[in-house]
Protein chains: 2
Amino acid sequence: MTVMSHRPFSQALDQLGAAGLRPTRQRLALAKLLFDGCNRHLSAEQLHGEALASNIRVSLATVYNTLHQFTAAGMLREIIVDAGRSYFDTNTSDHHHFYYGKSGRLEDIPGHLVALSKVPQAPAGMPIRRVDVIVRVDG
Amino acid sequence: MTVMSHRPFSQALDQLGAAGLRPTRQRLALAKLLFDGCNRHLSAEQLHGEALASNIRVSLATVYNTLHQFTAAGMLREIIVDAGRSYFDTNTSDHHHFYYGKSGRLEDIPGHLVALSKVPQAPAGMPIRRVDVIVRVDG
DNA sequence: GTGATTGCAAATCTTTTGCACTAAA
DNA sequence: TTTAGTGCAAAAGATTTGCAATCAC
């Protein structure tokens, strides 16, 4: 039974240190918003909005920097479902997504619920970095 | 043995008419570039570049309009693999993609080479519009 | 003619960048 | 200190929009 539990905030702090990222006020606050609840799918703009709503002073540029740094550190995964907007997923385990085009909402599909077989080899020893399955729904 | 043959230009013309789109000089020229050879994956900018290189006078805005009209008419499929750039695929049959992140190249994977099973139902009678499988390769 | 289509330039939107200022070690 | 991190405003890149001119029917 896969539980898809979210990454706890404390673990995020550890990874922050392990990645050589200083625990600044902004990064701590954003990590708390991202990792202190359930798994989330957020755009930079959304996270920035939440930060402002929580009285966290942080610039949009820093939100972008932070999202990319967290992604590089393996704490987030960038999800591309929409031309012209990136989403970041706090769930970095093996899984896929429903995408509700009308509302722009993303929903996790546990990896074990999608069986992919027979994916052909990429040519000439190029390793497959990731396989994304996006189930597009109208809602 | 699936052949994945491309849409012939003549068929494109028929669909153009069926979609109620007037066969203007620009649409005919772009359709020729798109459908008169093998299957292709192109961005708006690339198609515009090809048009100019072929001495076809057409504005970038019209290229965007045309790509979207052709997509709405079912003659193209929009492929989203990269935040901030759309690709259009002349192959509208059931298939998936390799995406070479470094070069930005897309490559078809015939639908029968990927077996997807157990995709869960979308909630509450929302029909699945499409399932995209993107195999991300480093090259 | 009449309505669809086009081109152009401006506007929009997301994301990135340059750089002076601030904060962590 | 010394180096990393931040904010701001400007820049960049892709796409869209408004509108007058043009074309297909």
Side-chain angles (χ1 to χ4, degrees), chain A residues 12-33 41-52 54-73 75-76 78-88 101 104 106, chain B residues 12-33 41-52 54-73 75-76 78-88 101 104 106:
Chain A
L13 290 191
D14 294 346
Q15 288 184 266
L16 230 169
L21 296 173
R22 292 180 181 175
T24 63
R25 181 175 59 76
Q26 290 85 343
R27 290 208 268 244
L28 288 172
L30 294 176
K32 195 144 204 161
L33 285 176
H41 304 98
L42 288 169
S43 68
E45 198 70 57
Q46 285 168 350
L47 181 57
H48 186 232
E50 287 199 7
L52 297 188
S54 308
N55 278 307
I56 297 162
R57 256 196 317 90
V58 62
S59 71
L60 184 55
T62 295
V63 172
Y64 274 104
N65 285 340
T66 302
L67 286 171
H68 288 140
Q69 289 155 350
F70 284 9
T71 301
M75 299 159 63
L76 292 174
E78 188 172 1
I79 308 290
I80 297 172
V81 283
D82 184 15
R85 175 188 266 84
S86 278
Y87 290 90
F88 294 85
L106 273 169
Chain B
L13 290 192
D14 294 346
Q15 288 184 265
L16 230 169
L21 296 173
R22 292 181 178 174
T24 63
R25 180 176 59 75
Q26 291 86 343
R27 291 208 266 244
L28 287 172
L30 294 176
K32 196 145 205 160
L33 285 175
H41 304 98
L42 288 169
S43 68
E45 199 71 59
Q46 285 168 349
L47 181 57
H48 187 232
E50 286 199 8
L52 296 188
S54 308
N55 279 307
I56 297 162
R57 255 196 319 89
V58 63
S59 71
L60 184 54
T62 295
V63 172
Y64 274 104
N65 285 340
T66 302
L67 286 172
H68 288 140
Q69 289 155 350
F70 285 8
T71 301
M75 299 158 64
L76 291 174
E78 187 172 1
I79 308 290
I80 297 171
V81 284
D82 184 15
R85 174 187 268 83
S86 278
Y87 290 90
F88 294 84
L106 271 170

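Every chain is numbered from 1 and lettered A, B, ... according to where its sequence line falls, protein lines coming before strand lines. The figures that follow rest on heavy atoms only: side chains count, while hydrogens, waters and symmetry mates do not.
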In whole angstroms, the gap separating P of D:dT22 from CG of B:N65 amounts to 19 Å
Fill in: Any A:R25 side-chain nitrogen or oxygen under 4.0 Å from OP1 or OP2 of D:dT6
no
Taking every heavy atom of B:S54 against every heavy atom of B:L33, the minimum-distance pair comes out as OG-CD2, 4.0 Å
dist B:T66:OG1 -> B:M75:CE (nearest 0.5 Å) comes out at 10.0 Å
Between CZ of A:R57 and C1' of C:dC21 the distance, given in whole Å, is 13 Å
note: B:L67, atom CG; C:dT6, atom P; distance rounded to Å ~ 12 Å
To the nearest angstrom, the CG-P distance between B:L28 and D:dC25 comes to 9 Å
Whether A:R27 side chain and A:R22 backbone form a donor-acceptor pair below 3.5 Å = yes
Indicate yes or no for a side-chain donor-acceptor contact from A:Y87 to the backbone of A:D82 under 3.5 Å, with no hydrogens or angles considered.
no
Atom CZ of A:F88 and atom P of C:dT14 are separated, to the nearest Å, by 14 Å
Exercise. Decide side-chain contact (heavy atoms from CB on, under 4.5 Å) for A:H41 and A:Q46; before the verdict, give the C-alpha distance in whole Å, the side-chain angles of both, and the deciding distance to 0.1 Å.
Key: CA-CA 9 Å; A:H41 304 98; A:Q46 285 168 350; over 6 Å; no
With respect to the phosphate group of C:dT5, does any side-chain polar atom (N or O) of B:T62 fall under 4.0 Å of OP1 or OP2?
no
Here the distance between atom P of C:dG7 and atom CD1 of B:I56, to the nearest Å, is 11 Å
Regarding the side chain of B:Q26, the nearest nucleotide among D:dG5, D:dG7, C:dG7 is C:dG7
Residue pair B:L60/B:T24 against DNA chain D: nearer the 5' end by closest nucleotide is B:L60
>> With a 4.0 Å cutoff (strictly under), does any side-chain N or O of B:R85 reach OP1 or OP2 of D:dG13?
In response: no
note: A:L47, atom CG; C:dT15, atom P; distance rounded to Å ~ 12 Å
request  = Would you mind classifying the nucleic acid contact of B:H48 as base, sugar-phosphate or nothing, using non-hydrogen atoms under 4.0 angstrom?
outcome  = nothing
Does D:dA4 have its OP1 or OP2 closer than 4.0 Å to a side-chain nitrogen or oxygen of A:Q69?
no
Would you say C:dT16 has OP1 or OP2 under 4.0 Å from some side-chain N or O of A:Y64?
-> no
Comparing nearest nucleotides in DNA chain D, the 5'-proximal residue of the pair B:S43, B:R22 is B:S43
Inset, instruction - Look at A:H68 and C:dT16 and indicate whether a side-chain polar atom (N or O) is within less than 4.0 Å of OP1 or OP2. - result: yes
Does a side-chain heavy-atom distance below 4.5 Å link B:I80 with A:V81?
no
In this structure, OG1 of A:T71 is separated from CZ of A:F88 (nearest 0.5 Å) by 5.0 Å
Here the distance between atom C1' of D:dA12 and atom CD of B:E45, to the nearest Å, is 13 Å
ask   = Is a donor on one side and an acceptor on the other found under 3.5 Å between the side chain of B:H48 and the backbone of B:V58?
value = yes
One would report the end-axis bend of the helix from C:dG1-D:dC25 to C:dA25-D:dT1, five pairs per end and rounded to 10 degrees, as 30°
